[in-house]
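These figures come from a predicted structure and were not determined experimentally. Within every chain, numbering begins at 1; the chains are lettered A, B, ... in the order of the sequence lines, protein sequences first and strands thereafter.
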There are 2 protein chains.
Amino acid sequence: MKLDPQDIEARFRRHAVRVTRQRAAIYAALVETTSHPSADDLYRLVKRQQPMMSRNTVYYTLGVLRNAGLIREVNVGHDMARYDGNVSLHHHLICLGCGQILDVLDEDLNRLQLSNGQARGFDVLRHRVEFHGYCVSCQQAERNVSPRRK
Amino acid sequence: MKLDPQDIEARFRRHAVRVTRQRAAIYAALVETTSHPSADDLYRLVKRQQPMMSRNTVYYTLGVLRNAGLIREVNVGHDMARYDGNVSLHHHLICLGCGQILDVLDEDLNRLQLSNGQARGFDVLRHRVEFHGYCVSCQQAERNVSPRRK
DNA sequence: TGCTATGTAGGAATCATTCCTGTCTAGCAA
DNA sequence: TTGCTAGACAGGAATGATTCCTACATAGCA
Ligand SMILES: [Mn+2]
Ligand SMILES: [Mn+2]
Ligand SMILES: [Zn+2]
Ligand SMILES: [Zn+2]
């Protein structure tokens, strides 16, 4: 989704986040993609427009935006952290081959909850569902290497 | 669950894993706890019985056992990897305060699957459900610091 | 317009994990 | 039972994503 600078500024102010050129660029990049980029992906992307951008600013800004609730962090295994500009409730479908992350929008998944017995007194704030498998092109790539499915 | 050395040896042989003193100790520690320890937790634990044990051996062994399907890796955020000696299908309840991980056994969660439209051609091999919240003692600890819920 | 709390750049530090290397040994076959 | 060899082990070095530190810059406010 394309965002103009006024929208970004308004969102930042609504969440008490100071408006800077660096933050606007990082946030815009994140909202305008569906690829769930890593901090370093964003660093390289934004550095093209702002060559002085430091890697530290990307990490710091992602922390600020996350704490403000403007973005989400998505964790896949122990690879680099991935970020999501879409904060509406949704889940993910992850390719074990190439690492791509696709959104899964499913109200039934959003409504999952533990029974009282299962929750063991926890105050459960949220849940996460991940589906893991191989995307179409990774399935084909594997077929080229070994004749049959692993 | 308590395992005797013969059981461990039999399981290793069934999965074509070479039997060594180090591996048996690491695997036994993992199966006999429900705490989902990290590699370093296991290192410190097993080092008490085998002072020569190297941290590298723990990592190497955990990799071997994981590839053999004898243990699972559980990832919580980007903290250290956590390991699980229980490979039967189940999910997890995680405390955001102290990091403890409890098992969730629920056949309905085990059966979740994506519709064809949602799967986008993926070959989906498995899924994971995590519930995040605060355990009883972390809820109390927080109450001691600030008068009301965050 | 000036003050000050906050943000930024750049470099150093951290630390879980992986890599490397020289022994050692489990498992197999003669 | 013995000897061979692929694989395992210990210890230390290297890696790399992330965090920490510090001096300078600036957003937001009065
Ligand atoms: Mn998403
Ligand atoms: Mn478990
Ligand atoms: Zn793929
Ligand atoms: Zn807790």
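Nearest to the side-chain atoms of B:R13 among the listed nucleotides D:dT26, C:dG27, C:dG10 stands C:dG27. In this structure, of D:dC9, C:dA9, C:dT6, it is D:dC9 that holds the atom nearest to the side chain of B:R23. Listed nucleotides: C:dG10, D:dG11, C:dT17. Nearest to the side chain of B:A39: C:dT17. Of the candidate nucleotides C:dA26, C:dG7, C:dG10, C:dG10 has the atom nearest to the side chain of A:S54. The side chain of B:M52 sits closest to D:dA10 out of D:dT18, D:dA8, D:dA10.
Distance, B:F12 CZ to D:dA8 P: 11 Å, rounded to whole Å.
Among the protein residues, B:S38 comes within range of no part of the nucleic acid, since none of its heavy atoms lies under 4.0 Å from any strand. If you check every strand for non-hydrogen atoms under 4.0 Å, B:R21 touches nothing. B:V64 comes within 4.0 angstrom of nothing in the nucleic acid, heavy atoms only.
Close to C:dA9, at under 4.0 Å from its OP1 or OP2, lies a side-chain N or O of A:Q22. Phosphate contact (OP1/OP2 of D:dC9, side-chain N/O of B:T20, threshold under 4.0 Å): present.
Each of B:D79 and A:M53 has a nearest nucleotide on DNA chain C; the 5'-most of these lies closest to A:M53. Taking for each of B:N56 and B:R18 the nucleotide of DNA chain D with the nearest heavy atom, the 5'-most of the two is the partner of B:R18. Mapping A:R55 and B:V17 onto DNA chain C via the closest heavy atom, the residue that lands nearer the 5' end is A:R55.
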Review point. For B:K2 and B:E32, what are the C-alpha separation, side-chain angles and deciding distance, and is it a salt bridge (Lys or Arg N to Asp or Glu O under 4.0 Å)?
Key: CA-CA 6 Å; B:K2 184 69 182 161; B:E32 287 167 15; 3.7 Å; yes
Review point. When you look at B:R11 and B:E9, which way does the salt bridge (Lys or Arg N to Asp or Glu O under 4.0 Å) test go after all the steps?
Key: CA-CA 5 Å; B:R11 289 191 190 186; B:E9 190 172 328; over 6 Å; no
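For the pair A:H127 (side chain) and A:L109 (backbone), a donor-acceptor distance under 3.5 Å is present. A donor-acceptor contact shorter than 3.5 Å is absent between the side chain of B:Q22 and the backbone of B:T61.
Using a 30° and 60° split on the angle between ring planes, A:H36 and A:H90 fall in the tilted class, from 30° to 60°.
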